[in-house]
A.B. asks: 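Sharing a structure below in structure tokens format, with a few things to ask.
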Amino acid sequence: MKVYAIYILNKAGGLIYQNDINPGLNKLSANDYLVLAGTIHGVHAIASKLKPTEFEPSSKPFGGEKEIPIESSATFSSSISVRDSTINNDVVNGRWNNPNTNNTGLRSIETDLFNVYVFQSLTGIKFILITSPNPIVHNVASLNLKINKGELNRQFDLAKEIFHNIYVTYSDYVMKDPFYSLEMPIKNNLFDSKIRELAK
Amino acid sequence: MSRSGEEVWKNSTEKINSELFTLTYGSVVAQLCSDYNNNYNLVNKQLDSMGYNIGIRLIEEFLAKTGAARCHTMKETAEIILKVGFKMFLNITPQVDNWSLDNRQFSLILNENPLADFVELPSDAKDLWYSQILCGVLRGALHMVQLDVSVWFVKDVLKGDDITELKLKLNKILKDEVPAGED
């Protein structure tokens with residue numbers, strides 16, 4: 001998987017950081033990037049409201065690795081809180097958890113030409129990754145679907161890993177920059193170079 | 001119990017000499033006292049607002065490095081703050097006590113306080129809450145995860161009390177600010 005670009009959105013959906021790490025993606029106009037960021041932000045919010053009336057969460061949410069035992073939709077909300085408190089018990093007991101809280105919003109877009117992944121922190125910051133497409137997506141018809149699914153998950157997991165590293169880098173190099181004001185565009189060479197390093 | 005705070009503390013945080021930390025904080029407080037002509041109420045206020053500004057940034061590091069999920073009760077919040085937050089940043093584990101009946105308010109008891117090592121307050125500094133910055137940090141950090149809280153000191157060993165105690169009270173949950181896409 002090749003990471004083409006990383007974007008960071010503030011709480012309001014404004015584009016505050018943009019880094020085209022690897023060449024391969026054509027350039028848009030500055031305004032188009034802002035529109036793209038705002039649109040993803042909006043679609044993400046609306047997607048979080050969109051669900052079947054008999055809603056059951058996917059068995060493997062992006063944020064956690066555990067299977068959630070769900071007996072019926074009526075127990076749904078209580079099951080969720082059970083899961084969340086186990087996550088926090090894990091934190092207290094020393095197991096690392098993924099800081100992504102994007103559970104019901106738009107998580108990824110997959111196309112023939114590129115993939116988009118969306119990460120959201122508890123504070124509302126969004127990180128967006130644009131990557132190369134799933135390698136064998138073109139051969140879906142001819143290949144065993146199972147292999148293809150494994151490949152998809154692999155790319156998903158890779159994105160998860162990258163997001164975690166970006167978030168840690170963000171907290172270390174942007175949040176600790178005394179000249180940075182929150183919610184404003186990030187102009188920080190050190191952060192640029194760290195991001196470049198981890199997305200190689 | 002507190003392995004996670006322990007582990008984050010060991011593996012993923014930058015460390016500095018604790019005496020340097022204590023002395024630096026002491027110099028900040030001393031400088032503020034002289035800037036405000038020993039008007040300790042203003043000093044408290046200033047420390048609190050400095051802490052707030054630290055807290056709203058610090059929370060990102062906390063979330064990134066621990067992966068804590070949203071808490072559903074204040075009990076859970078308290079446990080995470082004590083066993084993970086304080087451990088990770090200050091390498092101490094305060095105790096929680098004195099829950100109010102509605103479970104919205106509790107006390108944090110600091111058995112040790114790295115900010116206040118070697119400190120003796122002058123006798124006229126009765127109004128100064130020396131470690132007030134901690135209140136601001138907690139308020140700022142919790143604000144960023146949509147919890148509006150008040151935090152204040154009620155006792156400090158520096159003033160001759162038997163323990164150092166902070167109160168934390170949940171005012172309200174800022175539901176409008178919770179980002180979309182959570183459960």
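Proteins get letters first, then strands, A, B, ... in listed order; numbering begins at 1 in each.
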A.B. asks: Quick one: pull up OG1 in A:T101 and CD in B:E182 and give me the separation to the nearest 0.5 Å.
C.D. replies: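 So the gap between those two atoms works out to 4.5 Å.
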A.B. asks: Got a donor-acceptor contact below 3.5 angstrom from the A:H164 side chain to the B:A64 backbone?
C.D. replies: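 Yes; at least one donor-acceptor contact below 3.5 Å.
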A.B. asks: Under a 4.5 Å side-chain heavy-atom rule over Ile, Leu, Val, Met, Phe, Trp and Tyr, are B:V157 and B:V154 clustered together?
C.D. replies: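 No: no chain of side-chain contacts under 4.5 Å links B:V157 to B:V154.
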A.B. asks: Treat each ILVMFWY residue as a node, draw an edge where side-chain heavy atoms are under 4.5 Å apart, and state whether B:W99 and B:I109 are in one component.
C.D. replies: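 Looking at the clustering, B:I109 is in a separate group from B:W99.
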A.B. asks: Would you say B:K15 has more than 12 foreign heavy atoms packed within less than 6.0 Å of its NZ?
C.D. replies: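 Yes, NZ of B:K15 has more than 12 neighbouring heavy atoms, counting only those of other groups under 6.0 Å.
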A.B. asks: Say whether B:W152 and B:L110 are linked into one hydrophobic cluster, either directly or through other cluster members, by side-chain heavy-atom distances under 4.5 angstrom.
C.D. replies: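 Result: no, two separate clusters.
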A.B. asks: May I ask whether B:I163 and B:L90 are part of the same hydrophobic cluster, defined by side-chain heavy atoms of I, L, V, M, F, W, Y residues being less than 4.5 angstrom apart, directly or through others?
C.D. replies: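 Hydrophobic grouping puts B:I163 apart from B:L90.
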A.B. asks: Checking heavy atoms, do the side chain of A:I46, its backbone, both or neither come under 4.5 Å from chain B?
C.D. replies: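 For A:I46, there is no contact with chain B at all, as no heavy atom is under 4.5 Å.
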A.B. asks: B:I92, B:V84: one ILVMFWY side-chain cluster at the under-4.5 Å cut-off?
C.D. replies: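 In one cluster with B:I92: B:V84, yes.
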A.B. asks: Assess whether atom NZ of A:K2 is packed by more than 12 heavy atoms of other residues, nucleotides or ligands within 6.0 Å.
C.D. replies: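 Atom NZ in A:K2 is crowded, with more than 12 foreign heavy atoms closer than 6.0 Å.
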A.B. asks: Just by distance, with hydrogens left out, do A:T123 and B:E60 show a side-chain donor and acceptor under 3.5 Å apart?
C.D. replies: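 Indeed, the side chains of A:T123 and B:E60 share at least one donor-acceptor pair under 3.5 Å.
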A.B. asks: Within residues 168-194 of chain A, which residues come under 4.5 Å of chain B, heavy atom to heavy atom?
C.D. replies: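 Residues A:V168, A:Y170, A:S171, A:D172, A:V174, A:M175, A:K176, A:D177, A:Y180, A:S181, A:L182 are the ones that qualify, each having a heavy atom under 4.5 Å from chain B.
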A.B. asks: Using every non-hydrogen atom in the two residues, find where A:G124 and B:P179 come nearest and quote the distance to one decimal.
C.D. replies: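 The answer is CA-CG, 3.7 Å.
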A.B. asks: Can you say whether B:E177 sits under 4.5 Å from chain A via the side chain, the backbone, both, or neither, judging by heavy atoms?
C.D. replies: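 Neither part, no heavy atoms under 4.5 Å.
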A.B. asks: Do any of residues 20-40 of chain A have a heavy atom less than 4.5 Å from a heavy atom of chain B, and if so, which, in residue order?
C.D. replies: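 The residues closer than 4.5 Å to chain B amount to none at all.
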